[in-house]
Amino acid sequence: MKKILKFRVVLVTLVMGLSCCTKVINVDLNDAAPNIVVDAAVTDSVGPYTVNLTQTVNFSDNNVFPAINGASVILSDNAGNSNILTEAVAGSGNYITSNLQGVDGRTYYLSITYNGKNYTATSTMPYGVPLDSVVADTGSTHHGGGGFGGGGYGGGGTTASGVTVRAVFTDPKGIVNYYRLIEYVNRVPNYNSITIISDLGQDGTQITENVARRDTSIHAGDTITVVLQGIDANVYEYYRTLKQVTKTQTGINVTVPGNPTTNLSNNALGFFSAYSVRTMQTIAP
Amino acid sequence: MRYIKYCFFLCLFIIDLKTHAQNKYTISGYVKDVKSGEQLIGATLVIKEIPATGANANAYGFYSITLPEGKYTLSAQFTGYQAKAEVIELNKSIKLDFALSDAETQLNEVVVTDEKKDQNITQTQMGMDKLDIQQIKNIPVFFGEKDVLKTLQLLPGVKSAGDGSSGFYVRGGNASQNLILLDEATVYNASHLLGFFSVFNSDAIKDVTLYKGTQPADFGGRLSSVLDIKMKDGNDQKFHVSGGLGIIASRLAIEGPIKKGRGSFLIAARRTYADFLLRTFTNNPMLKHVDLYFYDINLKANYRLNDKNRVYLSGYFGKDDLGFGNYGLNYGNATATARLNHLFSDKMFSNTSLIFTNYDYKVTTSFGANSLDIISRIQDYGLKQDFQYFLNAKNKIKFGLSSIYHKLIPGSITASSNSPLSKRGVPNKYAWENAIYISHDVRLNDKFSFEYGARLSSFSLFGPGTFYTYNALDSITDSAKYTPSQIVKTYFNLQPRAAFNYILNAKSSIKGNYARNAQYMHLLQNTTSGNPTDLWIPSSNNVKPELCDQVSIGYFRNFLNNMFETSIETYYKQMQNQIDYINGAQLTLNANVESQLLYGIGRAYGVELFIKKKYGRFNGWVGYTLSRTERKINGINNDTWYPATQDITHYVSAVGIFEINKKWTASAVFIYYTGNAVTFPSAKYYIKSTGQVVFDYTERNGYRMPAYNRLDIGFTYQAKKTEKFESSWNFSCYNAYGRENPYSITFQVNPNNPQQTQAVLTYLFRWVPSVTYNFKF
């Protein structure tokens with residue numbers, strides 16, 4: 001209920017005409033020992049797959065995140081396949097597989113050993129769900145599940161501008177499914193928001209979801225690629241809590257601040273996702 | 001069945017006391033204000049010949065004392081009133097009413113009083129604060145609106161939840177652990193305009209009592225405290241109109257007799273008009289469409305049917321309407337209480353109450369032609385039956401029962417289009433909360449008095465619906481379907497309570513108490529200031545009742561002929577089944593909200609110092625609290641103890657009122673407290689696959705907000721004061737030295753250097769001057 005909190009400030013500033021404001025202050029935050037950050041994925045498209053290892057930095061430092069080198073990284077599946085990953089470019093922190101092929105339905109195990117500590121994670125790759133269609137138009141928008149609580153002030157007008165991109169797909173009945181949608185404009189990913197969907201309450205139905213809403217940075221003729229990831233429950237929970245947590249970073253605290261719920265062990269940050277990939281393209285009108 | 005055993009011993013004890021009785025008669029009656037007929041709650045009755053005995057008038061002004069045959073001088077006393085004494089030849093049971101006049105009307109006379117002003121020493125109850133409504137009218141307040149909740153936060157052991165919040169913390173409990181009652185009806189949200197004001201219109205309020213230690217056995221349902229607010233009955237002698245005009249709100253109250261001396265009524269209403277002013281004076285088209293107001297109405301009527309029966313009806317209705325752009329929020333409470341006082345005999349007083357309370361809110365969001373409404377509601381239907389048996393001058397017994405049916409609508413969604421959101425409604429919940437209680441108040445001798453009792457409570461959650469069971473990792477392990485009125489889960493709790501007072505000498509006493517409290521309704525609130533949309537949930541198969549055991553002990557001493565009251569109280573609390581939230585908890589519109597909760601234990605302890613100058617041209621008080629409140633929750637901070645959000649180590653408050661002359665009164669309030677516990681990030685990192693810099697929160701509540709301090713000053717000018725017309729002007733400045741007190745601290749990318757992150761403090765206001773004109777005729 002971020003709106004309410006904002007309202008409390010609005011109420012004071014605009015209405016009561018009082019001297020409510022914000023100011024930048026110096027908060028003395030503790031220096032934390034660097035922690036490992038894992039960003040790992042295996043998919044059912046062609047490899048190699050990457051495990052990216054970096055470190056946290058102190059809050060007061062610049063956004064330069066040192067790579068972790070010299071870690072031992074093993075990726076294996078429940079069909080007996082296993083790869084030891086090596087750094088593609090020495091010092092990059094990107095560890096890649098050699099010949100492992102992701103297959104949907106299989107369970108994948110990630111094991112990282114660094115500085116004498118072992119970090120593990122398990123993720124099961126759901127079966128891929130194809131996209132029925134991808135529609136980009138400049139008309140009115142459809143209210144996606146993520147619409148509530150979003151939508152800034154003054155967004156209620158009827159003159160739509162920008163391009164709205166919708167993905168349509170049919171959820172398989174009788175199976176619990178979770179999805180993530182990513183939009184690429186001319187092959188550049190749009191990370192403005194994380195779009196995740198659960199089939200809870202809409203199992204087996206055709207689902208229509210906004211990938212972008214009135215995006216003014218999309219121009220006529222742009223190539224729009226929509227990727228539908230089939231993700232497992234733990235990864236969905238990671239994304240969901242990540243969204244909540246990053247929301248508190250940008251506004252007044254709306255929820256308990258904390259780290260997202262990860263599938264990694266030993267207090268490592270980040271996550272490991274085995275996901276299926278289906279894509280579809282369209283051209284912006 | 002420990003409880004039955006308990007009652008059995010209690011009965012034995014009473015019988016034992018009774019055998020000594022012979023040739024005894026009862027004096028009973030009411031104590032009231034001579035001018036208004038308002039009953040004086042808690043007035044003290046003292047028998048000069050036997051100082052150890054005596055009584056207090058109950059919540060309806062009724063008292064009863066049974067004594068052996070003889071000649072006595074009985075005097076009735078009440079703070080701010082002239083004591084009145086009567087000589088009685090007691091050879092039969094008699095009725096004797098006292099009508100006291102307030103000290104102010106007698107100001108020109110020489111006041112000689114033998115009034116016993118040491119009630120704080122002699123009464124058994126400790127950890128109790130009673131606000132003097134007359135005294136608080138001089139205390140400077142935010143926008144000139146007298147506010148009992150804000151004034152309570154100036155007492156030791158009661159802490160503010162910050163600017164822009166009506167919430168308060170009592171002895172380490174959180175804001176939802178306070179039971180707020182308005183004429184016995186639970187007020188689920190006591191805030192107007194998101195917390196800038198409270199819902200209590202001080203024009204309509206007679207008595208405000210806060211129990212922060214042992215709650216009397218007739219109260220229950222919350223862990224930390226009971227705030228018992230009683231509305232005025234209205235003047236049963238003469239019609240009066242009073243009111244006030246302020247910068248953002250105005251008030252009007254009308255009271256008068258229904259039939260002189262027999263019944264009266266009161267109507268009090270308030271409304272803010274910031275939105276009118278805004279629309280009139282702004283050129284900003286955005287602000288032309290702002291909704292921003294609240295109003296509330298208090299109604300009360302009472303009528304004495306005959307000497308034995310009196311009926312009361314009281315009601316409250318309030319609404320807040322906030323709207324801004326495409327977003328609207330309205331919320332409010334409604335309560336109604338119907339009561340019957342009945343005297344079974346001159347020793348046996350009974351009150352029967354039927355109570356209704358409703359709290360709801362509605363959030364409206366519109367997107368172009370479409371709109372989405374979310375409605376949430378909580379309703380209670382209650383019956384309360386209380387008996388008070390005034391056995392003799394030394395023994396008083398209270399017993400009774402309470403039964404409340406709760407209906408909760410956590411969130412129902414109405415969408416204008418066939419949006420998938422309409423599928424996200426959360427099922428309703430139904431529950432039944434019951435309690436029986438008994439307590440025995442004994443004045444053993446002139447030194448020692450004690451009170452003990454117990455409350456046995458139960459809580460049942462009903463179907464219909466599917467109820468899930470979650471494991472420690474918050475995953476669903478089981479589910480079961482229940483039909484309507486099928487019991488999902490029932491809890492029982494026996495809550496013993498005990499208190500004693502040992503009077504050391506005329507100036508000092510030692511008091512101690514113990515209490516267990518149980519709380520079955522839980523508020524899920526994950527922001528410190530609280531929101532109208534915070535969700536109440538019942539205890540269930542997953543959420544166990546919160547329990548708290550508190551022991552406290554205090555030393556009370558008066559100085560200079562009771563001119564100064566001082567006290568030192570310490571307490572220790574242990575709490576079970578405390579509720580906290582998982583990281584990134586999703587609390588709104590979540591049918592599986594119980595999966596977002598974590599459980600554990602809590603402890604709180606502290607020392608409260610208090611010094612008050614009661615009389616004279618200069619009066620006021622200073623309070624200081626040193627305290628700690630901690631939690632240990634499975635799943636937070638590696639299951640170790642950590643400070644609760646409401647943990648405030650030092651809390652100082654001071655109130656001073658100075659009567660400059662007959663016309664002018666000056667007042668000041670100062671408050672200082674160290675910051676509450678808060679979660680800040682300690683590091684940051686990058687997630688490539690979402691393209692985000694994410695903050696690393698290494699521990700929950702590992703940091704502190706900056707200290708809060710504020711000075712408010714006020715002046716009251718008594719423009720006119722006659723029997724027929726009174727008027728006064730109140731000038732105040734809230735936050736007189738313009739301190740930028742923190743409301744929140746957030747972290748964001750430095751706009752001047754995207755590689756850097758900075759902390760931003762939000763404060764709500766600096767100076768808030770106000771003028772209010774008050775009148776009465």
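Every chain is numbered from 1 and lettered A, B, ... according to where its sequence line falls, protein lines coming before strand lines.
Here A:D61 is the residue among A:V64, A:N26, A:I182, A:D61 with the most heavy-atom pairs under 4.5 Å with chain B.
Once rounded to the nearest 0.5 Å, the distance linking CG of A:N35 with OG of B:S682 reads 11.5 Å. Here OG1 of A:T54 is found 7.0 Å from CD1 of B:I687. Values are rounded to the nearest 0.5 Å. Rounded to the nearest 0.5 angstrom, A:F65 CZ and B:K688 NZ are separated by 13.5 Å. Here A:N259 contributes atom CG and B:Y697 contributes atom OH; the two are 8.5 Å apart, rounded to the nearest 0.5 Å. Note: B:Y703 OH to A:L29 CG = 4.5 Å, rounded to the nearest 0.5 Å. Rounded to the nearest 0.5 Å, atoms CZ (A:F59) and CZ (B:F747) are 5.5 Å apart.
With a 4.5 Å cut-off on non-hydrogen atoms, A:D39 touches chain B through its side chain but not through its backbone. Only the backbone of A:S60 comes within less than 4.5 Å of a heavy atom of chain B; no side-chain atom from C-beta onward does. The contact between A:N94 and chain B is made entirely by side chain atoms (from C-beta outward), counting heavy-atom distances below 4.5 Å. Within the 4.5 angstrom heavy-atom criterion, only side-chain atoms of A:P260, from C-beta onward, approach chain B. Only the side chain of A:N52 comes within less than 4.5 Å of a heavy atom in chain B; its backbone stays farther off. In this structure, the portion of A:L242 lying under 4.5 Å from any heavy atom of chain B is its side chain and not its backbone. B:N750 does not touch chain A: none of its heavy atoms, backbone or side chain, sits under 4.5 Å away. Only the backbone of A:D28 comes within contact range of chain B, with at least one heavy atom under 4.5 Å from a heavy atom of that chain. Within the 4.5 angstrom heavy-atom criterion, no atom of B:P742 approaches chain A.
Annotation: A:N267, atom CG; neighbour count of heavy atoms from other residues, nucleotides and ligands within 6.0 Å does not exceed 12.
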Derivation and outcome, side chain to side chain contact (heavy atoms under 4.5 Å, CB included), residues A:V57 and B:K684: CA-CA 6 Å; A:V57 299; B:K684 55 185 177 180; 3.8 Å; yes

Worked check of side chain to side chain contact (heavy atoms under 4.5 Å, CB included) between B:V760 and A:I25: CA-CA 6 Å; B:V760 177; A:I25 56 160; over 6 Å; no

Steps toward side chain to side chain contact (heavy atoms under 4.5 Å, CB included) verdict (A:V27, B:F680): CA-CA 9 Å; A:V27 176; B:F680 286 153; 4.0 Å; yes

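The heavy-atom pair separating B:Q758 from A:V24 by the smallest distance is NE2-CG2, 3.6 Å.
Side-chain contact between A:L269 and B:D696: present, with at least one pair of heavy atoms (C-beta onward) separated by less than 4.5 Å.
Checked against side chain to side chain contact (heavy atoms under 4.5 Å, CB included), A:T122 has the following partners two or more places apart in sequence or in another chain: A:T107, A:Y109.
A donor-acceptor pair under 3.5 Å is absent between the side-chain atoms of A:N63 and the main chain of B:Q756, judged by distance alone.
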